[in-house]
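What follows is a single structure, written as structure tokens, with notes after it.
Just so you know, these numbers use all the heavy atoms, side chains as well, and skip hydrogens, waters and symmetry mates.
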Amino acid sequence: MYGYRQPLRLEEIDVPAPGPEEVLVRVGGAGMCRTDFQLIDGYFDTGLAMQYPITPGHEVAGWIDGVGAAVPTSAGLSEGDQVVVFGSWGDGACRQCHEGNEQLCAHGVWAGFGPHGGYQEYLPVNYRYLIKMPTQADLSPDTLAPLTDAGLTPYRGLKKLRAGGHLGPGRTLAVSGIGGLGSYGVQYAKLLGGGADVVALARSDKKLKIALDNGADHAINVRDRGTDEIRAEIESLTGRTELDAVIECAGSEESIQLAFSLLAAEGAVASVGLIGNRVDVPLFPLVAREYTYYGSFWGNYNDLTEVLALAAAGQIKHTVTRVRFDEINETIDAIARGDVLGRAVIVYD
């Protein structure tokens, strides 16, 4: 990437040399996130200082190709090990880092927002941000890579809803937006929901079919439909007119408004999607009905280990579209339009 709103350039570069505490990862799969499109489109232009060229790609899995001289033996990392990259790298000094939430570090950096990212075949990574996969897991990099964001972000959001007491039997939980995040979100809704009825909300019948295949109890196409009509369909499907909780994976102003308009008293919305820039919800019901609104960003290292454990146990389904180098720019355009089912993943021979 050499500038905003420009196609990415495919270039030959030298294989990076890992530093003393770094490991060189041979990338086997790199997830293509809507955030990558937003990076190129200028979404982050006021919050992040950009130094070009940038190689995108923060969802990364592959194998160890080299180990720096100062990587401790206790890390248990060797050439050939299959690894997953935790893509948010904090400064290690702030309160958020000491709490384990390096993705919230004000001075941290992210893979794919600098000179090296998953859209290249070799990536240097500090050993502390690698998770070694068990050899018996039999998981491929193209399914592991999306778990580092698309599979991680809704997991953390649902953990917040569960910890807040919003899930459980007799409750109705909606997953709004069945893209890369939502296709995993419906699975976690069943795994963490404690028996809650799970309703998928999306604007595409193809995406809603994925939601049903991944365990959603009900699916509602919300395209061009008003709140009253959607509420009536919820009642027809569940016997209730309101939702106790929503994991909001789209992040548009309209989808967040819809989520709040369908909430029951003491209901909660956890926002994990980032399509829009604003939240606009009525104040009186927020206060008078005691709604809760959770912001939930990415996930931490320990959250990712839990997601990978579920994957290793065979409890996660994947919807992956494999992409080659010469298809990257057209795939980014398709992601911007919302045309990709599940997650697009760059794969390497």
Side-chain angles (χ1 to χ4, degrees), residues 31-38 43 58-59 103 146-162 166-167 172-193 196 198-223 230 243-263 267-279 281 293-299 303 307 316-320 335-344:
M32 298 184 68
C33 181
R34 183 177 173 85
T35 300
D36 299 336
F37 158 71
Q38 290 172 303
Y43 185 90
H58 55 275
E59 295 185 346
Q103 81 281 8
L147 295 178
T148 63
D149 183 356
L152 173 61
T153 301
Y155 182 78
R156 181 177 175 88
L158 278 158
K159 284 176 66 176
K160 290 188 175 186
L161 291 173
R162 183 180 64 177
H166 303 290
L167 308 182
T172 305
L173 165 62
V175 181
S176 176
I178 310 299
L181 278 65
S183 61
Y184 290 108
V186 293
Q187 300 178 64
Y188 302 140
K190 296 301 293 183
L191 288 167
L192 305 181
V198 176
V199 180
L201 306 176
R203 296 162 58 85
S204 159
D205 288 337
K206 290 182 179 179
K207 293 182 179 181
L208 288 170
K209 183 181 184 305
I210 291 173
L212 291 170
D213 291 343
N214 286 357
D217 298 301
H218 312 288
I220 299 175
N221 192 322
V222 300
R223 182 181 291 275
I230 295 168
L243 305 171
D244 297 290
V246 180
I247 178 79
E248 217 299 301
C249 298
S252 70
E253 187 173 333
E254 294 78 13
S255 63
I256 295 170
Q257 287 174 337
L258 175 63
F260 274 98
S261 72
L262 297 170
L263 275 190
V269 174
S271 269
V272 297
L274 283 174
I275 288 179
N277 283 299
R278 295 183 59 82
V279 175
V281 297
Y293 191 27
Y294 297 96
S296 187
F297 182 65
W298 212 337
D303 294 328
V307 167
I316 297 179
K317 294 181 180 180
H318 308 275
T319 304
V320 168
I335 290 170
R337 297 191 302 268
D339 291 344
V340 175
L341 297 179
R343 203 53 147 189

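The minimum heavy-atom distance between Leu208 and Ala200, with the atom names listed, is CD2-O, 3.7 Å. Nearest heavy atoms, Gln187 versus Lys317: OE1-N, 2.6 Å. Between Val279 and Tyr293, the closest heavy-atom pair is CG2-OH, 3.6 Å. The two residues Gly342 and Ile210 make their nearest non-hydrogen contact at N-CD1, 4.4 Å. When all heavy atoms of Ala259 and Val269 are compared, the closest pair comes out as CB-CG2, 4.0 Å. Contact record, Gly151 with Pro154: C-CD, 4.2 Å, taken as the closest heavy-atom pair.
Note that the CZ atom of Arg337 and the CZ atom of Phe37 stand 10.5 Å from one another [nearest 0.5 Å]. Taking OG1 of Thr319 as the start and CG of Leu341 as the end, the distance is 8.0 Å to the nearest 0.5 Å. Rounded to the nearest 0.5 Å, atoms CZ (Arg156) and CG (Asp303) are 5.0 Å apart. Interatomic distance, CZ of Arg203 versus CD1 of Ile178, reported as 13.5 Å (0.5 Å rounding). For the atom pair OG of Ser296 and CD of Gln103, the computed distance is 8.0 Å after rounding to the nearest 0.5 Å. Atom NE2 of His166 is separated from atom CG of Leu243 by 13.5 Å, given to the nearest 0.5 angstrom.
Contact of the Ile316 side chain with the Tyr188 side chain is registered, since non-hydrogen atoms from C-beta on lie closer than 4.5 Å. Side-chain atoms of Leu274 and Arg34, non-hydrogen and from C-beta on, never get closer than 4.5 Å to each other. Residues Leu173 and Leu158 have side chains in contact (heavy-atom distance under 4.5 Å, counting atoms from C-beta outward). Using a 4.5 Å heavy-atom threshold, the side chains of Lys159 and Leu192 count as touching. Residues Leu258 and Ile230 meet the side-chain proximity criterion, which asks for heavy atoms closer than 4.5 Å. Between Leu147 and Tyr184, the closest side-chain pair of non-hydrogen atoms falls below 4.5 Å. Using a 4.5 Å heavy-atom threshold, the side chains of Val198 and Val175 count as touching. Within the 4.5 Å cutoff, side-chain heavy atoms of Leu181 are placed close to those of Val272.
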Derivation and outcome, side chain to side chain contact (heavy atoms under 4.5 Å, CB included), residues Asp36 and Glu59: CA-CA 10 Å; Asp36 299 336; Glu59 295 185 346; over 6 Å; no
Derivation of the side chain to side chain contact (heavy atoms under 4.5 Å, CB included) call for Arg343 and Cys33: CA-CA 8 Å; Arg343 203 53 147 189; Cys33 181; 3.2 Å; yes
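A salt bridge links Asp213 to Lys209: one of the charged nitrogens lies within less than 4.0 Å of a carboxylate oxygen.
Without hydrogens or angle criteria, Tyr43 side chain to Gly276 main chain gives a donor-acceptor distance under 3.5 Å. Side-chain atoms of Asn214 do not come within 3.5 Å of backbone N or O of Val186 as any donor-acceptor pair.
In summary, the side chains of Glu248 and Ser176 do present a donor paired with an acceptor at a separation below 3.5 Å, with no hydrogens or angles considered.
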